[in-house]
Visitor: 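Before I ask anything, let me first share the structure, which is written out below as structure tokens.
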Amino acid sequence: MTEPDNAALTPFYYRDNYLRLCDTVEAQYGDILGAAEREMLHTFRSLGFDAQCLYVRLISRTGPWFRESKLAYAELGPTPPILDELLAHEMVEEASALSPAELGKLFTRSELLQVFCPPDQPTPPDKPSLLHSIEQLQLREDVTLAALCTLDSQRIVAPRGVELTEYLQLLFFGNRQQSLTDFVLQDLGLTRYYPYPLDPEHRLFASREALEEYVTCATLGDTHYTLLEAGEQEALPALAAQLLPMNPRFASSEKRWHRLCNNLARDLERLDECEMALQLYSRSQRHPARERRARILESVGDWTAARAVCEEILDSPWCEAEREAAERILPRVNRKLGGPRQARRRDSFADIALTVPRGSESVEELAAQALQQQWQAVHYVENALMNTLFGLAFWEQIFAPVPGVFHIPFQSAPADMYDRAFRIRREHSLATRMQQLREENLATILAESYQRYQHYECRWTHWRYISLELVEACARIIPPEHLLAIWERMLFDPAENRRGFPDLIALGAAPGEYCLIEVKGPGDALQDSQKRWLRYFQAHDIPAQVAWVEWRDD
DNA sequence: ACCGGCCACACAGTC
DNA sequence: AGCTGACATG
DNA sequence: GACTGTGTGGCCCATGTCAGC
Ligand SMILES: [Mn+2]
Ligand SMILES: [Mn+2]
């Protein structure tokens with residue numbers, strides 16, 4: 001047990017952070033909380049210190065039910081009187097009946113055996129079947145609970161207001177993933193967020209309706225997942241029927257809704273529910289909705305409609321991947337409609353053949369080792385290197401205080417990082433920065449940026465994998481005009497063009513002596529995103545090649 | 001944005 | 001026993 | 001060989017404990 005570095009960490013940091021969260025949310029969203037919710041917050045604040053601490057522990061752990069005996073916190077003293085207080089204020093409720101499934105989460109296999117299986121009877125082989133056989137007993141749920149309490153006379157409790165807590169966290173973080181844990185990680189110094197200025201003026205959720213709309217989308221997403229998990233595909237059309245009449249009105253839930261439409265539609269395709277899939281896709285404004293529509297229409301033989309969708313895409317593509325898909329589909333469809341056969345563009349990239357012995361390492365590692373002989377150093381970097389360099393080059397623009405993009409102090413990128421709007425809203429500062437990068441010493445800029453911003457959370461930088469030394473070596477050897485060209489394309493579409501970079505970078509001794517190398521093992525092929533970068537490299541005379549690996553059999 | 005989304009890869013079926 | 005996954009923890 | 005679909009594994013603090021198998 002080591003002492004935390006951060007002296008601010010008290011034994012009560014969970015409670016302290018929860019209060020910070022409540023304060024922030026009440027200040028920012030007081031108007032959209034209901035009377036009952038504010039009342040509950042008031043009750044919480046009126047509790048004694050220990051009761052507050054225990055309550056926050058309860059809502060931070062996976063419940064909903066807890067055995068009193070499992071609630072032991074050294075910093076709080078005996079649990080029973082604290083629970084008494086929480087029960088008295090109705091912040092906690094006591095179980096009076098529990099289902100077999102709930103029992104399974106609370107009691108061990110041997111405890112359940114002890115109570116429900118007489119020693120002379122055959123014992124179920126594992127816990128699931130044990131729970132099943134308890135179900136078969138058809139006991140009343142309060143009876144089963146009473147039976148178990150004979151071996152553990154302590155109470156079984158659940159915190160109330162869990163859904164309020166979920167709402168508070170959602171309002172604070174703007175998503176359902178982050179939680180009090182993020183405060184803790186911050187306190188522990190495990191994560192550090194760049195101190196960009198927050199603007200409380202622009203809040204994420206405009207109104208109670210916006211919040212509810214988001215929660216509805218999230219719940220439908222949960223249902224989707226649960227149905228898949230349970231193998232209940234037949235219920236998916238009904239889920240789609242719930243999704244379709246929705247009309248998301250708030251920006252805060254739009255992206256989520258579109259993604260949900262796409263995900264669900266994809267599953268409906270697999271069920272041959274093409275009609276419904278088409279309806280969902282046509283409501284979605286997110287790639288690959290239009291591509292999927294074109295493919296469905298092609299597969300059902302509606303070539304006229306398929307052509308129309310392709311033309312719509314080509315007219316104003318959402319991204320390059322979408323345009324390429326339309327360019328592949330359209331000629332096929334045109335031929336069906338009696339058009340001429342068209343010659344296809346063929347790529348040809350510089351390549352080498354490698355024959356290496358099989359090893360336990362990945363094919364990329366093995367290829368890197370084989371290439372070590374011809375180069376000073378070969379690094380297996382994939383997307384991490386170029387994304388890190390991008391983050392270093394444009395840190396100030398990424399974290400610039402554009403209105404409305406920084407809501408909370410736990411962001412690793414602005415809210416619009418992957419939107420079309422990102423580039424447009426920072427047009428001027430990005431242009432100025434590009435100019436500066438063109439004119440000044442890139443190696444110095446990148447190294448200084450690395451040292452200044454190292455350890456701050458950023459979607460682009462990979463501090464662990466990409467060392468300062470590697471950044472310096474790359475900045476010395478890769479010609480600035482190459483890096484600038486790469487960054488231009490990344491800025492053009494930061495979402496799409498952050499992937500597809502070659503696996504390896506091989507570095508020589510002198511400036512210009514380097515090569516980006518995509519490793520392809522037997523059976524692997526270039527992906528579309530990789531081809532797009534390789535084409536771009538060709539067009540800009542950036543040295544890149546594909547290394548086709550074969551196994552040397554001995 | 002961790003019961004999810006994103007990568008890259010492996011493999012199979014089609015033309 | 002030895003391994004794994006879920007969970008809680010700082 | 002190109003294209004398409006599908007399914008996979010890793011990656012997201014690190015570490016210890018416990019229950020299950
Ligand atoms: Mn790769
Ligand atoms: Mn590769």
Side-chain angles (χ1 to χ4, degrees), chain A residues 1-6 9-11 13-14 17 57 60-63 66 70-75 104-112 125-130 170 173-192 218 221-230 255-256 259-260 262-263 266-267 269-270 291-292 295 298-299 324-325 327-329 331-332 335 344-347 362-364 382-384 387 408 410-413 415 417-418 457 459 462 464-465 495-496 498-503 518-531:
Chain A
M1 171 104 38
T2 55
E3 279 301 304
D5 302 337
N6 195 328
L9 195 68
T10 76
Y13 57 88
Y14 266 90
N17 284 323
R57 287 289 185 176
S60 307
R61 285 174 56 172
T62 41
F66 300 93
K70 301 282 179 188
L71 304 176
Y73 291 97
E75 73 275 16
K105 289 195 203 164
L106 285 173
F107 295 94
T108 67
R109 194 171 94 95
S110 68
E111 285 171 326
L112 293 170
D126 53 23
K127 199 164 177 179
S129 48
L130 169 58
L170 178 53
F173 290 108
N175 60 59
R176 295 195 310 162
Q177 285 67 53
Q178 289 178 298
S179 65
L180 284 180
T181 301
D182 291 78
F183 282 93
V184 177
L185 297 180
Q186 175 93 322
D187 289 345
L188 288 166
L190 289 170
T191 53
R192 291 174 59 197
D222 289 347
T223 309
H224 182 202
Y225 175 83
T226 317
L227 290 177
L228 283 191
E229 196 73 348
K255 267 189 273 190
R256 176 167 280 267
R259 190 156 45 215
L260 187 51
N262 285 359
N263 291 344
R266 200 69 186 81
D267 285 323
E269 279 190 71
R270 298 186 175 109
E291 176 189 334
R292 297 308 317 165
R295 291 190 192 284
E298 183 193 13
S299 76
E324 288 185 354
E327 281 169 351
R328 284 196 295 253
I329 298 166
R332 288 199 302 263
R335 278 209 62 222
R344 226 187 356 244
R345 168 189 61 189
R346 275 199 52 118
D347 293 307
S362 69
V363 66
E364 292 87 357
E382 239 162 30
N383 299 321
N387 284 344
I408 60 164
F410 300 97
Q411 289 180 231
S412 55
M417 185 73 248
Y418 298 135
E457 293 294 313
R459 208 65 73 70
H462 301 261
R464 288 202 203 145
Y465 295 109
E496 187 173 42
R498 74 195 135 142
R499 59 179 184 261
F501 289 104
D503 294 313
E518 171 55 36
V519 178
K520 284 297 162 196
D524 193 6
L526 287 171
Q527 296 163 224
D528 292 341
S529 63
Q530 294 171 335
K531 287 185 195 170

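Values below: all heavy atoms of this structure, side chains included; hydrogens, waters and symmetry mates excluded. Please read all numbers here as calculations on a predicted model, not as lab measurements. By convention in this document, chain letters (A, B, ...) are assigned in the order of the sequence lines, proteins followed by strands, and residues within each chain are numbered from 1.
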Visitor: Please report the distance separating the C1' of B:dA8 from the corresponding atom of B:dC3, rounded so that it comes out in whole Å.
Guide: 22 Å

Visitor: For A:Asp267, which residues count as a side-chain hydrogen bond (donor to acceptor under 3.5 Å, both in side chains) partner, sequence neighbours excluded?
Guide: A:His224, A:Arg270

Visitor: Mind checking if A:Arg328 touches a base, just sugar-phosphate, or nothing, with heavy atoms under 4.0 Å?
Guide: sugar-phosphate

Visitor: First contact, last contact: which nucleotides of DNA chain D are these for chain A, 5' to 3', heavy-atom distance under 4.0 Å?
Guide: D:dG1 to D:dC21

Visitor: With no hydrogens and no angle check, is any side-chain donor or acceptor of A:Arg259 less than 3.5 Å from a backbone partner on A:Arg256?
Guide: no

Visitor: For A:Arg57 and C:dG10, what is the distance between atoms CZ and C1' respectively, to the nearest whole Å?
Guide: 9 Å

Visitor: On a heavy-atom basis, which atom in A:Leu130 and which in A:Leu112 lie closest, and how many Å separate them?
Guide: CD2-CB, 3.7 Å

Visitor: When we call it a touch if two heavy atoms are under 4.0 Å apart, what does A:Lys520 touch: a base, just sugar-phosphate, or nothing?
Guide: sugar-phosphate

Visitor: Which residues pass the side-chain contact (heavy atoms from CB on, under 4.5 Å) test with A:Arg61, sequence neighbours left out?
Guide: A:Phe66, A:Lys70, A:Leu71, A:Tyr73

Visitor: Taking 4.0 Å as the cut-off, does a side-chain nitrogen or oxygen of A:Arg498 come that near to OP1 or OP2 on B:dC7?
Guide: yes

Visitor: Holding to side-chain hydrogen bond (donor to acceptor under 3.5 Å, both in side chains), I want the full list of residues that pass it with A:Ser129, two or more places apart in sequence or in another chain.
Guide: A:Asp126

Visitor: Roughly how far apart, to the nearest Å, are C:dG5 and D:dC11 at atom P?
Guide: 14 Å

Visitor: Using atom C1' of each nucleotide, how far apart are C:dT9 and D:dG9 to the nearest Å?
Guide: 28 Å

Visitor: Using atom CD of A:Gln411 as one end and atom P of B:dA1 as the other, report the distance to the nearest whole Å.
Guide: 11 Å

Visitor: Does A:Phe410 have any ring pair (Phe, Tyr, Trp, His ring centres under 6.0 Å) partners at least two apart in sequence or in another chain, and if so, which?
Guide: A:Phe173, A:Phe183, A:Tyr193

Visitor: Classify A:Glu496 by what it touches in the nucleic acid, base, sugar-phosphate, or nothing, heavy-atom distance under 4.0 Å.
Guide: nothing

Visitor: Categorize A:Tyr465 for me: base, sugar-phosphate, or nothing, with a 4.0 angstrom heavy-atom threshold over every strand shown.
Guide: sugar-phosphate

Visitor: Let me know the distance between CG of A:Asp524 and P of B:dA10, rounded to the nearest Å.
Guide: 5 Å

Visitor: Rounded to whole angstrom units, what separation is found between the CG atom of A:Leu228 and the C1' atom of B:dG4?
Guide: 13 Å

Visitor: What's A:Tyr73 touching, base or sugar-phosphate or nothing? Going by heavy atoms closer than 4.0 Å.
Guide: sugar-phosphate

Visitor: Nearest heavy atom decides the nucleotide; on that basis, is A:Val363 or A:Arg499 closer to the 5' end of DNA chain B?
Guide: A:Arg499

Visitor: For the P atoms, the ones on B:dG4 and on C:dA6, what distance do you get once it is rounded to whole angstrom?
Guide: 14 Å

Visitor: Are the side chain of A:Lys127 and the backbone N or O of A:Gly104 linked by a donor-acceptor pair below 3.5 Å?
Guide: yes

Visitor: Check side-chain hydrogen bond (donor to acceptor under 3.5 Å, both in side chains) between A:Glu298 and all other residues, then give those that pass, not counting sequence neighbours.
Guide: A:Arg332

Visitor: Using a heavy-atom cut-off of under 4.0 Å over every strand shown, decide if A:Asn383 touches base, sugar-phosphate, or nothing.
Guide: sugar-phosphate

Visitor: Starting at the 5' end of DNA chain D and moving along, which residue's nearest nucleotide shows up first, A:Glu457 or A:Glu269?
Guide: A:Glu269

Visitor: Write down the protein N/O and nucleotide N/O pairs, taken from nucleotides 12-15 of chain B, whose separation is under 3.5 Å; answer none if there are no such pairs.
Guide:
none

Visitor: When you check the gap from the basic side-chain N to the acidic O, do A:Lys520 and A:Glu518 get nearer than 4.0 Å?
Guide: yes

Visitor: Which nucleotide, B:dG4, B:dA1, B:dA10, lies nearest any side-chain atom of A:Tyr225?
Guide: B:dG4

Visitor: Measure from CG on A:Leu170 to C1' on B:dA1 and round the result to the nearest Å.
Guide: 12 Å

Visitor: Within the 4.0 Å heavy-atom criterion, would you say A:Glu229 contacts the bases, only the backbone, or no part of the nucleic acid?
Guide: nothing

Visitor: Roughly how many Å apart are D:dG10 and C:dG10, using the P atom of each and rounding to a whole number?
Guide: 30 Å

Visitor: Where each residue is assigned the nucleotide of DNA chain D containing its nearest heavy atom, which of A:Arg464 and A:Asp347 is assigned the position nearer the 5′ end?
Guide: A:Asp347

Visitor: Among residues at least two apart in sequence or on other chains, which ones pass side-chain contact (heavy atoms from CB on, under 4.5 Å) with A:Asn383?
Guide: A:Asn387, A:Arg499, A:Phe501

Visitor: Using a 4.0 Å heavy-atom cut-off across all strands, classify A:Pro128 as base, sugar-phosphate, or nothing.
Guide: sugar-phosphate

Visitor: Classify the nucleic acid contact of A:Gly521 as base, sugar-phosphate or nothing, counting any heavy atom under 4.0 Å across all strands shown.
Guide: nothing

Visitor: Go nucleotide by nucleotide along DNA chain B from the 5' end; which of A:Phe410 and A:Glu382 gets its closest nucleotide reached first?
Guide: A:Phe410

Visitor: Could you walk me through whether A:Asp222 and A:Arg176 pass the side chain to side chain contact (heavy atoms under 4.5 Å, CB included) check?
Guide: CA-CA 12 Å; A:Asp222 289 347; A:Arg176 295 195 310 162; 2.9 Å; yes

Visitor: Across the strands shown, which category fits A:Arg256 at heavy-atom distances under 4.0 angstrom: base, sugar-phosphate, nothing?
Guide: nothing

Visitor: Nearest whole Å is fine: how far is C:dG10 P from A:Leu190 CG?
Guide: 13 Å

Visitor: When the distance from CG of A:Asp267 to P of B:dC3 is rounded to whole Å, what number comes out?
Guide: 18 Å

Visitor: B:dG4 C1' sits how many Å from A:Arg259 CZ, rounded?
Guide: 8 Å

Visitor: Please list, chain by chain and in numerical order, all residues satisfying side-chain contact (heavy atoms from CB on, under 4.5 Å) with A:Leu190, sequence neighbours excluded.
Guide: A:Leu185, A:Leu188

Visitor: Would you mind classifying the nucleic acid contact of A:Arg292 as base, sugar-phosphate or nothing, using non-hydrogen atoms under 4.0 angstrom?
Guide: sugar-phosphate

Visitor: With a 4.0 Å cutoff (strictly under), does any side-chain N or O of A:Gln527 reach OP1 or OP2 of B:dC7?
Guide: no

Visitor: Measuring to OP1 and OP2 of C:dC7, would you say a side-chain N or O of A:Lys70 lies under 4.0 angstrom away?
Guide: no

Visitor: Can you check whether A:Asn263 has a side-chain N or O nearer than 4.0 Å to OP1 or OP2 of B:dG5?
Guide: yes

